[in-house]
Engineer: 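What follows is a structure written as structure tokens; I'll ask about it next.
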2 protein chains.
Amino acid sequence: MNKEKKSYHHGNLAESLLEAVDEIASQFGLEAVTLRACAKRVGVSPSSAFRHYSDKRSLLTAFATRALTQLSDALVAANRRATADNTDLFAAVGLAYIDFALTKPAFFRAMWREETIYTGDEHYIAASRQLSSHLQGGFAGTLHDKDPDSLSPQELLAWSSVHGLAKLLIDGTVCKGQDKADQLQAAAEMIAAMGPAFDIEPMA
Amino acid sequence: MNKEKKSYHHGNLAESLLEAVDEIASQFGLEAVTLRACAKRVGVSPSSAFRHYSDKRSLLTAFATRALTQLSDALVAANRRATADNTDLFAAVGLAYIDFALTKPAFFRAMWREETIYTGDEHYIAASRQLSSHLQGGFAGTLHDKDPDSLSPQELLAWSSVHGLAKLLIDGTVCKGQDKADQLQAAAEMIAAMGPAFDIEPMA
DNA sequence: GCTCAATGTGATCACTGTTAACATTCAATA
DNA sequence: TATTGAATGTTAACAGTGATCACATTGAGC
């Protein structure tokens with residue numbers, strides 16, 4: 001809607017392409033994201049995309065990184081809200097995780113598509129670590145960066161269960177056809193059912 | 001190795017194509033599975049595949065269905081073994097689930113790729129239900145078909161956590177670079193950590 | 001004002017899934 | 001057993017894909 005004057009140089013193509021991925025993925029699913037479709041949507045020739053991303057995979061990696069960051073932000077917001085309201089921190093963060101997946105399934109899928117992104121990309125890794133630490137923050141109450149490879153069994157359980165339920169929900173394996181509110185209700189109950197696993201050994 | 005005589009008719013193309021998917025996916029990853037590559041591997045022209053599968057997606061759906069069945073079989077075997085040895089049934093089934101994902105990541109991924117398979121396919125749905133019931137069987141000790149939409153919070157927790165950990169492991173989000181034994185060890189600890197969640201309310 | 005690196009274009013490549021017209025074979029029937 | 005029709009496989013073609021190349025246009029810094 002901006003960018004009225006059609007200058008030869010776009011000015012912000014790298015970012016615009018990411019937004020195009022966003023829109024196409026949200027509207028038609030991840031499989032519909034095509035380099036040419038993105039370029040057309042931005043109003044630019046297909047080959048120009050390669051000036052900013054060496055690969056389609058690089059583009060998708062950048063998109064995945066952005067999605068990871070968005071999820072992190074959502075978790076931080078949930079954490080803050082729960083802290084302010086003095087409600088259950090763990091449940092709030094877990095529900096925010098699942099809510100994000102249900103609200104933006106294409107984003108959530110894009111984050112973990114190991115075969116279509118460069119998981120070795122430094123920005124991607126950084127975003128992934130940040131997400132991990134925010135999850136641990138929501139769980140253990142500390143917000144400093146942690147090594148995602150040194151998760152306690154309880155932390156692993158917390159992340160895995162929430163992650164797994166999100167996957168099962170958006171893949172329609174479970175609670176198929178139910179509306180979002182019911183699915184979130186099921187998620188809340190699952191999270192609640194996890195409670196006893198944390199009360200007994202406080203910190204392993 | 002068999003099929004020496006080059007008859008015009010292949011005889012078992014539908015099945016052979018599935019095996020080609022199997023081999024290519026195992027060797028080069030799911031993204032490398034191409035209709036033409038499968039046909040070439042079987043020694044047949046690309047278009048002949050369409051006599052047996054209306055779509056590439058149909059072929060992948062059949063493959064996913066087969067993978068689901070294999071996983072179900074693995075769970076049943078684990079269940080049987082644990083019952084015979086009188087060891088923890090739930091841990092055995094959960095570990096078998098994760099072990100399958102680690103051993104055959106391409107298969108595990110293929111099962112849930114909502115965007116590349118027909119999740120409405122009747123055989124796929126049947127296999128999915130069967131897997132669900134076998135999981136519930138491993139968890140609750142009953143082996144009759146159950147409606148996967150009516151899982152208790154504990155059942156949901158069990159499935160989600162095991163499913164989520166499998167995903168996080170094969171995507172390299174967690175325990176990256178560790179060998180399979182260590183990853184299975186982490187899985188066993190996570191499953192053990194879940195114990196308290198089940199001891200308290202036996203059957204909701 | 002000139003120059004050159006950065007950015008965008010058009011033509012083209014090999015490859016993909018898919019289709020349609022045609023070829024071959026198998027199996028049932030007469 | 002010979003014929004015939006359905007099942008199965010082939011060849012040639014199509015549009016769409018990611019990718020690359022030489023080339024065009026621009027803007028920033030000398």
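Any value given below was found using the heavy atoms of this structure, including those in side chains, with hydrogens, waters and symmetry copies removed. To find a chain, count down the sequence lines: A is the first, B the second, and so on, and within it residues start at 1.
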Engineer: Over how many whole Å does the gap from Lys40(A) atom NZ to dG8(C) atom C1' extend?
Structural biologist: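 Lys40(A) atom NZ is separated from dG8(C) atom C1' by 17 Å.
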Engineer: Between Ser48(B) (side chain only) and Val44(B) (backbone N and O only), is there a donor and an acceptor less than 3.5 Å apart?
Structural biologist: no
Engineer: Apply salt bridge (Lys or Arg N to Asp or Glu O under 4.0 Å) to Arg113(A) and Asp171(B), showing your working.
Structural biologist: CA-CA 8 Å; Arg113(A) 301 219 335 175; Asp171(B) 284 343; over 6 Å; no
Engineer: Does Ser47(B) get its side chain close enough to the base of dT11(D), under 3.5 Å, for a donor-acceptor pair?
Structural biologist: yes
Engineer: Find the distance Glu31(A):CD to dT17(D):C1' and express it as a whole number of Å.
Structural biologist: 13 Å
Engineer: I need the CG-P distance between Asn12(A) and dT7(C), as an integer number of Å.
Structural biologist: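 Going from CG in Asn12(A) over to P in dT7(C) covers 11 Å.
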Engineer: With a 3.5 Å distance limit and no angle check, can you tell me whether Lys40(B) reaches the backbone of Leu35(B) through a side-chain donor-acceptor pair?
Structural biologist: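 No, because the side chain of Lys40(B) does not come within donor-acceptor range (under 3.5 Å) of the backbone of Leu35(B).
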Engineer: For the pair His163(B) and Phe108(B), name the ring-plane relationship: parallel under 30°, tilted 30 to 60°, perpendicular over 60°.
Structural biologist: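 Geometry flag for Phe108(B) against His163(B): tilted rings.
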Engineer: In whole Å, I'd like the distance from the CG atom of Leu30(A) to the C1' atom of dT17(D).
Structural biologist: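 Rounded to whole Å, this separation is 17 Å.
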Engineer: Taking for each residue the nucleotide of DNA chain D with the nearest heavy atom, is it Ala49(B) or Lys56(A) whose nucleotide lies nearer the 5' end?
Structural biologist: Ala49(B)
Engineer: Give the rounded distance in Å between these two atoms: NE2 of His52(A) and C1' of dT7(C).
Structural biologist: 6 Å
Engineer: Regarding Asn79(A) and Thr83(A), is there a side-chain donor-to-acceptor distance under 3.5 Å anywhere?
Structural biologist: yes
Engineer: With no angle test and no hydrogens, is the base of dG17(C) tied to the side chain of Arg36(B) by a donor-acceptor pair under 3.5 Å?
Structural biologist: yes
Engineer: Name the residue closer to the 5' end of DNA chain C, choosing between Arg51(B) and Asp55(B) according to the nucleotide with the nearest heavy atom.
Structural biologist: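 The residue whose closest nucleotide sits nearer the 5' end is Asp55(B).
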Engineer: Starting from P on dA19(D), measure out to OH on Tyr53(A) and report it in whole angstrom.
Structural biologist: 14 Å
Engineer: Could you tell me how far apart Leu13(A) (CG) and dT26(D) (C1') are, to the nearest whole angstrom?
Structural biologist: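 Computing the Leu13(A):CG to dT26(D):C1' distance gives 15 Å.
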Engineer: For Phe50(B) and for Ser45(A), find the nucleotide of DNA chain C with the closest heavy atom, then tell me which residue's nucleotide is more 5'.
Structural biologist: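 Final value for this comparison: Ser45(A).
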Engineer: Rounded to whole angstroms, how far apart are CG on Leu60(B) and P on dT16(C)?
Structural biologist: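 Rounding to the nearest Å, CG of Leu60(B) and P of dT16(C) are 14 Å apart.
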Engineer: Could you please name the option among dA19(D), dG17(C), dG9(D) that lies closest to any side-chain atom of Leu35(A)?
Structural biologist: dA19(D)
Engineer: On DNA chain D, compare the nucleotides closest to Ser48(B) and Val33(A); which residue's is nearer the 5' end?
Structural biologist: Ser48(B)
